[in-house]
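Data block below; observations after.
Fair warning: this is a prediction, and the values are worked out from it, not measured in the lab. Residue numbering restarts at 1 for every chain, and letters A, B, ... go by the order of the sequence lines.
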Amino acid sequence: MRLEYFEMIDAVVRLDRTAGTIEAVAKVPDASPVFEGHFPGHPLVPGVLLTETMAQASGYLILAHLGFERMPFLTGVDKARFRSFVGPGAVLTVTAKLEHDGSGYAVTKAAIRHEGKSICDAELRFRTMPFPEGLDAPMRERARTSGLLHLAGIGDGAPT
Amino acid sequence: MSDDPATGSATFQRVADIIAETADIERDKITPESHAIDDLGIDSLAFLDIAFAVDKAFGIKLPLERWTQEVNEGKVPAEQYFVLKNLCARIDALVAEKAAKV
């Protein structure tokens with residue numbers, strides 16, 4: 001995870017396009033300016049960044065499901081629950097399942113676990129749109145380095 | 001179930017309940033003649049939430065993208081899709097279409 005750059009997902013390790021599921025890994029950095037404020041002397045990953053992490057895993061799932069034809073943008077967070085604290089160095093397992101593929105929107109259920117323990121979960125909603133100009137290539141590059149393209153069987157997606 | 005213009009069809013009753021709950025609109029204000037946008041003030045994001053609830057409730061997929069495109073291109077007046085009695089007729093058609101495929 002590069003918290004300051006909103007790059008939350010380190011690697012996509014499983015993708016099942018038929019079942020509509022994804023599993024990704026996100027390692028919390030040992031140090032980050034985020035921890036200086038949240039909280040002084042007691043570093044914890046903010047819930048909003050855990051939500052973003054679930055959203056990014058869900059976004060990768062939707063991208064793969066739609067064959068990288070459209071870009072998902074987060075529009076809603078429902079039933080979010082933050083069940084345990086997460087601190088520096090934790091290796092998180094992030095999962096998402098496609099609940100509904102609507103016309104121009106998608107809904108997922110996502111969760112984060114750490115060492116088998118539930119950290120948080122939520123239902124997330126996305127509007128799906130044609131890629132804004134200039135976003136397609138960077139998203140594909142990010143998907144390639146995370147291993148998503150390879151798992152999705154799209155193009156020359158071998159991760160570096 | 002009655003198709004009385006004042007109370008609407010069974011489909012309308014379900015859709016009106018969904019709109020009331022999803023968009024936090026008083027149920028009594030929702031009639032078959034209501035225009036979802038002009039009369040009820042439902043914005044596009046709220047309409048997506050309603051579409052999700054309708055999709056789930058009826059086991060269909062409202063073709064919102066196509067509808068929006070047709071309206072934006074002036075091919076179809078918005079009333080055809082967003083006045084609730086018309087929306088409900090389209091829901092009924094999608095349900096029937098799905099049943100015919102089974």
* Contact part of B:S44 toward chain A, heavy-atom cut-off under 4.5 Å: side chain, backbone, both or neither? -> both

* To do: Taking all heavy atoms of B:I60 and all of A:H100, pick out the closest pair and write down the distance.
  => O-CE1, 4.2 Å

* Name the region of B:L62, side chain, backbone, both or neither, that has any atom closer than 4.5 Å to a heavy atom of chain A. => backbone

* To do: Inspect the surroundings of CD in B:E73 and state if more than 12 heavy atoms from other residues, nucleotides or ligands are less than 6.0 Å away.
  => yes

* Above 12 or not: heavy atoms from other molecules or residues under 6.0 Å from NZ of B:K29? -> no

* To do: Mark yes when over 12 heavy atoms from residues, nucleotides or ligands other than B:D24 sit less than 6.0 Å from its CG; otherwise mark no.
  => no

* Asked: Counting only heavy atoms not in B:E21, do more than 12 sit closer than 6.0 Å to its CD atom?
  -> no

* Asked: Side chain, backbone, both or neither: which part of A:D78 has an atom under 4.5 Å from a heavy atom of chain B?
  -> neither

* Asked: According to a 4.5 Å side-chain heavy-atom criterion applied to Ile, Leu, Val, Met, Phe, Trp and Tyr, with indirect links allowed, do A:F6 and A:L44 form part of one hydrophobic cluster?
  -> no

* **Min side-chain heavy-atom separation B:L48-A:R125 under 4.5 Å** => no

* To do: Classify the ring geometry between B:F52 and A:Y105 as parallel (under 30°), tilted (30 to 60°) or perpendicular (over 60°).
  => perpendicular

* Asked: Are there more than 12 heavy atoms of other residues, nucleotides or ligands under 6.0 Å from atom CZ of A:F85?
  -> no

* **From CD (B:E65) to OG (A:S103), nearest 0.5 Å** => 4.5 Å

